[in-house]
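Each chain gets a letter, A, B and so on, in the order its sequence line appears, and its residues count up from 1. What you see below is based on every heavy atom in this structure, not just the backbone, and it leaves out hydrogens, waters and symmetry mates.
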Protein chains: 2
Amino acid sequence: MSRKEQIEETATALFKAKGYSATSMRDLANELGIEAASIYSHIKSKEEILQKVCFRMAREFFEATDAVDSPQASATERLTKAIAAHVKVMTQNTEASAVFLYEWRHLSEPYHSSFLSLRDKYEAHFRGIIRSGVESGEFKVPDVKFATMTVFSGLNWIHTWYKPEGKMTPSEIAENLTYMMLNGMKNN
Amino acid sequence: MSRKEQIEETATALFKAKGYSATSMRDLANELGIEAASIYSHIKSKEEILQKVCFRMAREFFEATDAVDSPQASATERLTKAIAAHVKVMTQNTEASAVFLYEWRHLSEPYHSSFLSLRDKYEAHFRGIIRSGVESGEFKVPDVKFATMTVFSGLNWIHTWYKPEGKMTPSEIAENLTYMMLNGMKNN
DNA sequence: CCTACCGATCGGTAGG
DNA sequence: CCTACCGATCGGTAGG
């Protein structure tokens, strides 16, 4: 791993733990065992690290869900696979995912706006799947947008409790979340 | 509204918008139209504001859900009412709720620990309802803790999109969320 | 509620 | 990658 990658990974962990604003370059340097000024031999600015993490994660989520999508499949199958892909990316990048979810607001323009439009586009992918399921009669939801947000909420809360050494594997998490979202808790 | 309350409300809005760390006392003073030093006539420290907001919201959530709970009712009814109470508090305090959800980590000890144990206790209330529903045969879930976290995720994501002028009222939101959590999206 | 100010820390640069 | 340092800003205090 290059020093640059090491800086980004360490910074990501700190950004998740303390938040972007509360993380100083001296905190980061301390964690790396070097002086703060030395970091600037490898990166241009503190925000550059945040940009890299946010946009890399956006790309990872896109690629993972695109790779498993097949337009001719049922909405149920498409949603199941999209959830599994999202959970996989998230559990493999817990810290970067948290930064992607909560620290993007510290991006300056034009990064802030372009990040938001990427995120909207990603949500639209899920919204499209759910809408097509409603149209085909597979799904029945109060409101497509509301249902999409609820699915996302379940997906995006995972990083708050997931631990690699926990009893649930990523694919079990995906399976359970899909079950909850499709069938609910009621015992029929 | 007293000046002190005005300071807390303005700070809450800034803490939500920019995050606790990125909000300076000068930002706050500017928003209030006074000098930063003047704020200290009313409050002791920046963190004191955060403490007030976090613990006040914890109390509000507890009181609201306790008030509607009845141990002899069915788990379905208890969960329905708890969700409605939570959504009501959240939609009536969108900014304070966001601070409650994301900024508590900037609390110093012993506030940090005691906040976390309050939050655990609150989650335990929901977990208890879901567990009793599983025991009575009303619910069927992959895992009680997982189901509780998923319900919470839906509850706690609301503040990211809720707008008082939006088309969904708080009670409709609660109704729709309850429907999704109990029945899922599948069209039976 | 203001002026005047404090020591500490911030992100970052120059020069080696 | 370090030493030495910059101007800006931080939370907060003294004194009125």
Side-chain angles (χ1 to χ4, degrees), chain A residues 1-55 95-96 99 102-112 115, chain B residues 1-55 95-96 99 102-112 115:
Chain A
M1 189 163 55
S2 73
R3 195 83 218 207
K4 189 165 183 174
E5 287 167 333
Q6 198 186 343
I7 289 171
E8 280 174 20
E9 193 177 297
T10 309
T12 300
L14 286 171
F15 290 170
K16 178 183 178 170
K18 315 179 58 164
Y20 175 77
S21 293
T23 301
S24 73
M25 296 306 273
R26 278 143 182 102
D27 290 336
L28 177 54
N30 199 47
E31 204 73 29
L32 291 161
I34 58 176
E35 292 301 318
S38 306
I39 298 173
Y40 291 90
S41 313
H42 302 93
I43 59 144
K44 271 187 279 191
S45 68
K46 183 184 174 186
E47 198 190 311
E48 192 200 44
I49 307 176
L50 182 63
Q51 290 159 12
K52 288 268 175 64
V53 177
C54 288
F55 287 94
E95 284 158 344
V99 173
Y102 302 113
E103 305 301 327
W104 56 267
R105 59 181 170 162
H106 295 108
L107 291 168
S108 62
E109 292 297 347
Y111 303 99
H112 190 271
F115 178 85
Chain B
M1 190 164 53
S2 73
R3 194 84 221 207
K4 189 166 181 174
E5 287 167 333
Q6 198 186 343
I7 289 170
E8 281 175 20
E9 194 177 298
T10 308
T12 300
L14 287 172
F15 290 171
K16 179 184 178 169
K18 314 178 58 162
Y20 175 77
S21 293
T23 301
S24 73
M25 296 307 273
R26 278 141 182 103
D27 291 336
L28 177 53
N30 199 47
E31 203 74 28
L32 291 161
I34 59 178
E35 292 300 319
S38 307
I39 298 173
Y40 291 91
S41 313
H42 302 93
I43 59 144
K44 271 187 278 191
S45 67
K46 183 185 174 187
E47 197 190 312
E48 192 201 44
I49 307 176
L50 182 64
Q51 289 160 11
K52 288 268 175 64
V53 176
C54 288
F55 287 93
E95 284 158 345
V99 173
Y102 302 113
E103 305 301 326
W104 57 266
R105 58 181 169 160
H106 295 108
L107 291 168
S108 62
E109 291 298 346
Y111 303 98
H112 190 272
F115 178 85

Sugar-phosphate, base or nothing in reach of B/Ser21, heavy atoms under 4.0 Å
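The residue B/Ser21 makes no contact with any strand.
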First encountered from the 5' end of DNA chain C, between B/Gly33 and A/Ser45:
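Checking each residue's closest nucleotide, the 5'-ward one belongs to B/Gly33.
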Between [X] ([atom1]) and [N] ([atom2]), how many Å, whole number?
X: B/Lys4; N: C/dC1; atom1: NZ; atom2: P; value: 14 Å
X: A/Glu35; N: D/dC1; atom1: CD; atom2: P; value: 11 Å
X: A/Ile39; N: C/dC10; atom1: CD1; atom2: C1'; value: 13 Å
X: A/Asp27; N: C/dG11; atom1: CG; atom2: P; value: 8 Å
X: A/Lys18; N: C/dC10; atom1: NZ; atom2: C1'; value: 13 Å
X: A/Met25; N: D/dC2; atom1: CE; atom2: P; value: 14 Å
X: B/Leu14; N: D/dC10; atom1: CG; atom2: P; value: 12 Å
X: B/Leu50; N: D/dG11; atom1: CG; atom2: C1'; value: 15 Å

Out of [options], which has the shortest distance to the side chain of [X]?
X: A/Ala37; options: C/dC2, D/dT3, C/dG12; value: D/dT3
X: B/Tyr40; options: C/dG11, D/dC1, D/dT13; value: D/dT13
X: A/His42; options: C/dC10, D/dC1, C/dC5; value: D/dC1
X: A/Arg26; options: D/dG11, C/dC2, C/dG11; value: C/dG11
X: A/Lys46; options: D/dG11, C/dG11, D/dC1; value: C/dG11

Heavy-atom count around [X] [atom1] within 6.0 Å, excluding the residue itself: above 12?
X: B/Tyr102; atom1: OH; value: yes
X: A/Glu9; atom1: CD; value: no
X: B/Glu95; atom1: CD; value: yes
X: A/Phe55; atom1: CZ; value: yes

Is the shortest side-chain N/O distance from [X] to OP1 or OP2 of [N] below 4.0 Å?
X: A/Arg3; N: D/dC1; answer: yes
X: A/Ser24; N: C/dT9; answer: no
X: A/Ser41; N: D/dC1; answer: no

Does A/Lys4 have any side-chain hydrogen bond (donor to acceptor under 3.5 Å, both in side chains) partners at least two apart in sequence or in another chain, and if so, which?
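For A/Lys4 there are no side-chain hydrogen bond (donor to acceptor under 3.5 Å, both in side chains) partners, ignoring immediate neighbours.
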Would you mind pulling out the nucleotide paired to C/dG15, Watson-Crick or G-U wobble, both distances under 3.5 Å?
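Pairing partner, where one exists within any strand: D/dC2.
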